[in-house]
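Below, chains carry the letters A, B, ... as their sequence lines are ordered, and counting in each starts from 1.
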Amino acid sequence: MIPLKVIRQEPDRIRAALADKGESPALVESILEQDRAVRALLGEVEGLKAQRNTVSQEIGRQKRAGSDAAENIAAMAALADRVKALDKRLQEQQAALELDLLQVPNAPHPSTPAGSTAADNRAVSSWGEVTQPGPEAKDQHDLLVDLALVDFAAGARITGQGFPLYTGRGAKLERALLNFMLDLQTAEHGYLEVLPPLLASRASTLTTGQLPKLEEDMYRVGQDDLFLIPTAEVPLTNLHRGQVLEEAALPLKYVAASACFRREAGSYGKDTRGLLRVHQFNKVELVKFVHPDHSYDELESLREDAETVLRRLGLPYRVVELCRGDLSFAAAKCYDLELHAPVTGRWLEVSSCSNFEAFQTRRGHIRFRRSDTGKLDYPHTLNGSGVATPRLLAALLENGQQPDGSVRLPAALQSYFGAEVIEPL
RNA sequence: GGAGAGGUGGCUGAGCGGCUGAAAGCGCCCGCCUGCUAAGCGGGUAUAGGGUUUAUAGCUCUAUCGAGGGUUCGAAUCCCUCCCUCUCCGCCA
């Protein structure tokens with residue numbers, strides 16, 4: 001959330017940020033206007049309350065002294081009604097303002113490239129050798145099906161399209177990937193492993209920024225008004241909602257493997273083949289709460305932590321920095337990691353590493369006390385996938401397939417999987 | 001699902017209609033004291049918003065004792081609803 005004070009002081013900057021993210025800058029006008037209305041009411045009602053407080057104290061003194069307070073009591077009874085009516089109007093006005101404030105996206109960091117679509121994203125780096133597929137090479141879908149790693153039809157039978165069922169070696173490979181990534185992040189990068197709830201409350205999804213705008217993208221359990229998490233970012237970030245953290249404890253680093261649920265509303269018909277876009281998938285997520293003075297250094301190190309996964313697996317990838325228009329609602333800066341899938345012929349996004357600055361911690365009232373000023377301040381939150389498995393698996397298979405139809409697994413994975421090669425049936 | 005207990009500042013924990021933004025302790029900050037450390041002594045220390053202001057300094061007003069309603073001139077304190085935590089019972093992987 002962008003503080004009201006900032007919108008008042010730098011309306012042009014916020015208008016620009018809205019435009020950058022493809023939203024109407026008119027929201028700023030609406031907010032400023034509502035802010036004026038709130039402040040006018042506030043002045044009025046607070047004056048009346050001040051009067052009420054002083055006279056009420058006077059009544060207390062009169063009663064204790066045994067003198068007659070009837071006149072004051074009658075006057076305050078009349079005033080109480082006015083206060084109540086004004087308070088109601090004030091509350092409504094403040095609620096309206098709050099609603100608008102929650103719609104304001106985070107402002108892009110000045111270093112982020114200008115642009116509106118993915119075509120404007122900036123190439124940062126690449127790693128590994130992009131391979132040319134042989135004439136007989138299969139794409140991820142056919143490999144998954146022919147090697148009997150995933151039974152798409154069974155998943156569809158149970159739930160519907162986009163809910164893959166991993167079978168046999170596929171299930172074990174999925175487990176191997178998750179274990180490998182968790183072990184790497186906990187043992188080598190110092191993250192604390194967490195196994196979080198998969199349902200989150202309205203308050204939690206509001207903190208991370210899925211609500212209020214992206215409600216349609218989540219699965220909702222209406223009976224209890226809970227949401228299936230679209231990413232473990234939601235539970236991990238909300239782990240400290242409403243708390244005051246110890247400055248010395250920063251950075252706090254958490255990692256979780258979890259199922260993620262996304263309705264992918266509006267993207268029907270896109271990428272339906274194989275594992276490129278599914279409604280339920282597994283992901284290892286990294287979340288850090290960091291001191292605001294070093295959050296951009298922490299973003300680089302988070303990205304390194306995620307990249308390490310791909311390097312250990314020997315898979316060619318590239319890093320792109322998202323342009324302003326491609327940034328998510330809550331992000332100030334974001335790097336995507338994309339694996340190369342030689343047969344599909346595309347770069348597959350497997351991780352987004354973002355700095356949200358104080359956007360989420362403000363919404364979630366997550367704070368820490370600064371030793372330099374003695375004041376409360378908001379830590380910055382960062383998160384990144386490390387990484388999501390469906391496209392990882394897709395790239396792994398396409399890159400590892402051999403002319404005989406088998407798939408050679410990266411050395412890092414072999415002990416987890418228990419074999420070096422997935423043989424054809 | 002049933003019964004009971006409870007939710008107060010960074011933490012522990014008093015208060016149970018006005019003198020309480022809130023005792024006391026811990027923690028933290030400043031100072032004093034003592035070869036150093038430990039201990040001791042004195043003082044300070046909530047958050048948000050409005051107004052004033054060059055000011056994120058001061059001053060001042062308002063709000064906040066889980067959330068929301070109500071009673072009252074006045075609510076942390078009384079009443080109602082909800083949420084959460086704990087204990088016991090039931091059910092269950």
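- Atom P of B:C26 sits at a distance of 39 Å from the matching atom of B:C83, rounded to the whole Å.
- Between A:R370 and A:D377, at least one side-chain N (NZ, or NE/NH1/NH2) sits under 4.0 Å from a carboxylate O, which counts as a salt bridge.
- When the nucleotides B:G74, B:U47, B:G50 are ranked by their closest atom to the side chain of A:L42, B:G50 comes out on top.
- Within 4.0 Å (heavy atoms only), A:R8 reaches sugar-phosphate atoms of the nucleic acid but no base atom.
- One finds a side-chain N or O of A:R39 lying less than 4.0 angstrom from the OP1 or OP2 phosphate oxygen of B:G51.
- Ranking B:C61, B:U47, B:G49 by closeness to the A:R367 side chain, first place goes to B:U47.
- Look at A:R369 and you'll find a side-chain N or O under 4.0 angstrom from OP1 or OP2 of B:U47.
- Pairing partner, B:G17: none, since no Watson-Crick or wobble contact has both distances short of 3.5 Å.
- Residue contacts for A:I59: at a heavy-atom cut-off of 4.0 Å it reaches a base atom on one of the strands shown.
- In this structure, A:H240 has its ring center closer than 6.0 angstrom to the ring center of A:F289.
- No hydrogens or angles considered: nothing links the side chains of A:H279 and A:E264 as a donor-acceptor pair under 3.5 Å.
- Between the side chains of A:T381 and A:K288, no donor-acceptor pair of N or O atoms lies under 3.5 Å.
- Here the two rings, on A:Y296 and A:H109, have centers that are under 6.0 Å apart.
- Side-chain proximity of A:R52 to B:G50, B:C61, B:G74: nearest is B:G74.
- B:C41 is paired with B:G31 under the Watson-Crick or G-U wobble criterion, all donor-acceptor distances under 3.5 Å.
- Here A:K375 lies out of heavy-atom contact (under 4.0 Å) with every strand.
- Within 3.5 Å, a donor on the side chain of A:E46 pairs with an acceptor on the base of B:G49, or the reverse.
- Looking at heavy-atom distances under 4.0 Å, A:K84 makes contact with sugar-phosphate atoms alone, never a base.
- In terms of phosphate contacts, A:R370 brings no side-chain nitrogen or oxygen within less than 4.0 Å of OP1 or OP2 of B:U56.
- One finds a side-chain N or O of A:Q91 lying less than 4.0 angstrom from the OP1 or OP2 phosphate oxygen of B:G69.
- Position along RNA chain B of the nearest nucleotide to A:V45 versus A:K5 favours A:K5 as the more 5'-ward residue.
- Separating the P atom of B:G9 from that of B:U47 is a span of 13 Å, rounded to the nearest Å.
- Phosphate contact (OP1/OP2 of B:A63, side-chain N/O of A:N53, threshold under 4.0 Å): present.
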